[in-house]
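Just so we're on the same page: letters track the sequence lines, and every chain starts at 1.
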Amino acid sequence: MDYNFKKIENKWKKKWEEDKLFKTEINSKKKFYALDMFPYPSGSGLHVGHPLGYIASDIFSRYKQLMGFNVLHPMGFDSFGLPAEQYAIATGQHPEKTTKENSEKYKSQLKNIGLSFDWSRELKTSDPNYYKWTQWIFKKLFNSYYCNLGDKALPISVLIKEFEKNGNNSVESPCDEDTPKFTAKEWKSWSEKDKQNILLKYRLAFLSDSWVNWCEELGTVLANDEVKEGLSIRGGYPVEQKKMKQWSLRITAYANRLLSGLNKIDWPNSIKEQQKNWIGKSSGVNILFEIEKKNKISVFTTRPETIFGVSFLVLSPEHELIDSLCTQTQKKKINKYQLECSQKSELDRISNINSVSGEFTGSYAIHPFSQEKIPVWISDYVLPNYGSGAIMAVPAHDSRDFKFAKKFKLEIVQVIDNGYKVDEEPYLEKEGKIINSSFINGLSISKASEKIANLVKEKNMGYKLINFRLRDAIFSRQRYWGEPFPVFYKDETPYLIPDEELPLKLPSINSYLPTKEGNPPLARAENWKYKTKYRYEHSTMPGWAGSSWYFIRYIDPENNLKFVDEKKLKYWGNVDLYIGGAEHATGHLLYSRFWTKFLYDLSLISFDEPFQKIINQGMILGESCFVYRINGENTYVSYNLKDKYKTTKIHVDINLVEKNKLKIKEFKNSRKEYNNAKFICENENYICGKTIEKMSKSFYNVVNPDDIIEKYGADSLRLYEMFLGPLTQYKPWNTDGITGVYNFIKKFWNLFHQDGKFYLTQEDPSKEEKEILHYTIHKIKNDIETFSFNTCVSTFMIAVNKLKKAQCSKEKILKPLIILLSPFCPFVCEELWNKIEPSSSVYNSTFPKYDINLFIKNEINYPVAINGKRKLNMMIANNLNKNEIEKIIYSNDKIKQILTGSTVKKIIIIPEKIINIVINK
RNA sequence: GCCCAGGUGGUGGAAUUGGUAGACACGCAGGACUUAAAAUCCUGUGGGCAGUAAUGUCCGUGCGGGUUCAAGUCCCGCCCUGGGUACCA
C-alpha cells in the first residue's frame, strides 16, 4: 500500500473533528497552557512562514499531552484593526463581513495543517461578546488610581475618601503634571464637574491634553510603539507631534514593576533588553537653577558630578518659562525659533539630528555653587516631555552639548581628567578624577556625584529623582473598527455606562471616513447617544486593547456573567509557553504585562505575569530572483513560480552604472541591497541573480502552505518547517529540500508494510533494535524539551534508516516509534496507530519511557590523538582504568610506529571522550 | 552612536558542561532498474598536495592575538550581517 497522504489526512481531519479530540476541559491532571500569538486575519491568507510557530507549539502541546498533562491550546483572531478598515473604506464593505470571511479562510488553512487547537474556545476581539469585557476592563482602569505607598492600583473610591478627609497633600500617586494641591475643605466646596476633573488626573484610564503622535494620513493618533523613525509602522506615513485631548492609560505607574518583573520570567534575552530600554529607567538629580531672583528652572541630570562644567542651560522650545525669561531684545528671535520648531515634523527633527539650532533667551541663571552667571538658551534638542524639559549643558562631557557649544561659541569647561583633552571631541567616559570643580576636585566620579546630590538636597536646591523614558500609552484612535469606549459625556465630563448595559456595540455608519469637520467616523452615527441624550465617545480603542487580555478569556470564552470564572482561572493560570514573533516586544507584550498586573492588583486574577516562557520563532524568508536589464529596467522574477515569470519594476537608478560595461562586481558595489545576492548569470544584456527577502507579494516569493500540502501532505509540511533549522532563527525557505522529509515519511510508512499490506510481527527485538529505539526516545524527549525540533527530525531519520537496514517489522519497536513521531506528523501516525489500536487515538497514548542501559555501550570507540591531532580510533572497553587503557594504546602497532623517536610527555584520558598523547618530537 | 542576536562545505544546518568539525538533509557526480524519462535504490561528496590504489599529509568554523594537552565552543581586540533604539540629559 502506498503512502496516500491525501486520503489519510482528509480521513483524520474529519474524524478528529467529529470526536472532538482536541476539546479541553478541566480534569485532575496537571495543566499546561500553550499559546500562540493570535493572528490578524488578513485577506491574503497564510504563507509558509506563518504556521512555523503554530507547528512548534502544536508539537510541544501534543508532547505535553503524551506526557500526561491536560493541555490548553486555543486559537482565535485579533480581528479589530486598520487593514480591515482600510479595505472597508476602499470597497464600502462592512469590516465585520471581510473579517469573518478572512478568519474562516485562516481557520480552514490551519485545520489542514493538523494543528490540535481547541476551536470550541475560538475568540475574535471584534466580537461584541468579547469586547464587552474589554470595555469592562477599561471601566476598571477608569475607576482605579495607583497608590505608590501600597505600590498597587486601588479603587478610585479610596482616593475620594482620602480627598474628603485630607485633600491631596499627602497623596502619593502618579497624576497629571498640572494637578493642583488642595485641602479637604476645598475638595468639598467644589462642584461635581470640578471633582470629576481632578479625579481624571489620577485615574489609570484618563482623558488629558497630551503630546501625541498624530498621523494625518491615517487620520488618527498612534502610540509610541506604533511609530518608528517618525513614520507610522502601518503604512509608513509621516507622524507629527500634536497636543490633543486623548484617552491614555497610566502605564508609567507600573514602570518599576514592569522592569523588576522581567527577572522572574523566562523570556528571550533580546526581548527583555528591548523592554528594559523601552522603559528606560535612569536615576539622577533634579537641580533648581535660580534665574536672577525671578524664577527657578528645574533641570534633570544623571551626572551631578559635572555641575562645575555647566556653561549654559537649555530649555525645550515648548518650555513654559520661556515667555517670562525672554528679554525684549531676544523676543522676536525666540518666537520665530519656537514657530519653526512647532512646524517641524517628527521626521524633520530626526533627519536633521546632526544640525544644531537654538536661540539665546537673554536671561542668565545663577550657578548654585559658583554663583556665576550662566546663559539660558532654547533648542529643540531638548525634548519637552522628558525630565523637566530643561537641561544643564556640560559641553565637555556630552556630545550634544558639545556640538551646541561649538556652534554658538559657548564656553567648554573640562571637569573630568583622564589624560584626554577635550578639544575636538567631548570626553564621555565615566572614568577619571574631577578637576576645575572647587570643593570636589580630586574626587572620583561616583564620590563626587554622591556629594553633589546630597548637597543639593541639603540646601533645598533639588532632589534625587528617577526618570523613565516610558510614556503613558495613548489609548484612543480616531477610527471605526475598534472597541467603542463605554463612555458618554455629560457637561463635557466623561462618565461610564453601567455594566449591565455592556457591551456598547459599534453602530453601523454609512461611511468609514472621518467627517467633514475632521471628527472620527463614529461621529457619523448621529442618533448614537446614551439615553438618547448624551454623546458617546467617538474614538475607539487601539488594536492592542483586545490583545492585552485575550489569553485570560480563552480559559472561559463563553461566560456571559464574568470576564472569567475564578475556578477555571485558578486551574489554568497563566500561559506556560507563548510562541510568537519578536516584533511585539514593546507593544503587545508590554501592554499585556501591564493589564495583567492591574487585574492582579484588583484581585481579579492570581498571577501578575501573563506569559511564563516566551519563544520567538524566526521569520521564514523567501528566495527571489531578479533580473537587471542593462538597457534600463530592473525586474524581480518569482523563483518559486519559475514557470509563470512575473515581472515588476523596482527602483533602480540606471545612471549609477555605466551602460553596457556592467560587471557583477561593479553592479554589486553600486547597489547595496544586492550585497548578499548570488549571481547566476550575466551577458551584455542582463545580470541575473538570487536574493533572500521577506516573503511578500512584492518580491514574488510567497509560498502558500496549501500548495505544499497538496503536493506532499501536511505531515511533510510540518516536518519540513521544523527541519529547516532552529526555531528561533531566521531562515530561507527552499521548497526543493522538502523531498528529503517526504521520502523519510514514505520510508517510515514502508517499515509498516510488506507486499503492499500492513505487516508487523510480534517477535522480540534484537539488542541493536532496542538500542535504536531507546536512544531515539531519549534524544527526542531531550530535544523537544529544549525546542530543538530540527535535530528531532534528524534523529527520526537516523532511526528509520537504521531500522530499514535491519529490516525491522517488529511491533515492539515500531509502535513506540509512532508515538514519538506523532507530535510531528499526526496524520500518518494516527493512521498507523489505528491499524494497531483501532479503538484509540495516538493523541491519547503515553510517551514511551527509555532505559538508559539499553543504549549505553560497554565499548567505546576512542579517538586517539597525538598532540591534539586525531590519528586513529580504538575500541576500548569502558570498565578499564587508566593504566589498563595506556597499556592497550602502547601495544597498538600504529601508535608504536608514530611514537618511535619521540618521548611521551604525558597522556590524557578523558573517559568516554578522547585520548590525547603529548609528545616531544 | 548605543543595546541585543548571529557569522561553520555548493545550500539549510549538526556538534550536552572545551574533547573525532561538517551529523541529518538538499544539491551535485557516478552506478543499478528502464526502449527512454520520471520515480526508486546503491555509492561518493570540505579544500589543497602526493599516490593507480588502499592511504598519507597539510589547510580549514568571519579576521588578528591569547589561554589550554586540546578551542566552532573560553578571554582580549577588530570586521561583517540581521534586529531594536535614537537628541531620554
Response to the item:
Under a 3.5 Å limit on both distances, the Watson-Crick or wobble mate of G12(B) is C24(B)
Discussion item. Only pairs with both distances under 3.5 Å count, Watson-Crick or wobble alike; so what is the partner of G51(B) in this structure?
Written reply: none
Fill in: Crowding at NZ, K272(A) (>12 non-hydrogen neighbours, <6.0 Å)
yes
Response to the item:
Closest to the 5' end of RNA chain B, once S794(A) and F468(A) are matched to their nearest nucleotides, is S794(A)
Worksheet item: Do the two ring centres, one from F5(A) and one from Y712(A), sit under 6.0 Å apart?
Response: no
Item to complete: Step through it carefully: locate the ring centre of Y850(A), locate the ring centre of H778(A), and say whether they are under 6.0 Å apart.
Response: yes
Indicate, with a heavy-atom threshold strictly under 4.0 Å, whether [X] touches base, sugar-phosphate, or nothing.
| X | answer |
| --- | --- |
| E583(A) | nothing |
| N916(A) | base |
| N467(A) | nothing |
| N801(A) | sugar-phosphate |

Item to complete: Could you please name the option among A25(B), G84(B), U20(B) that lies closest to any side-chain atom of M797(A)?
Response: A25(B)
Fill in: Check: V394(A) and M392(A) side chains under 4.5 Å, non-hydrogen atoms
yes
Discussion item. Please give the distance between the P atoms of U81(B) and U8(B) as a whole number of Å.
Written reply: 14 Å
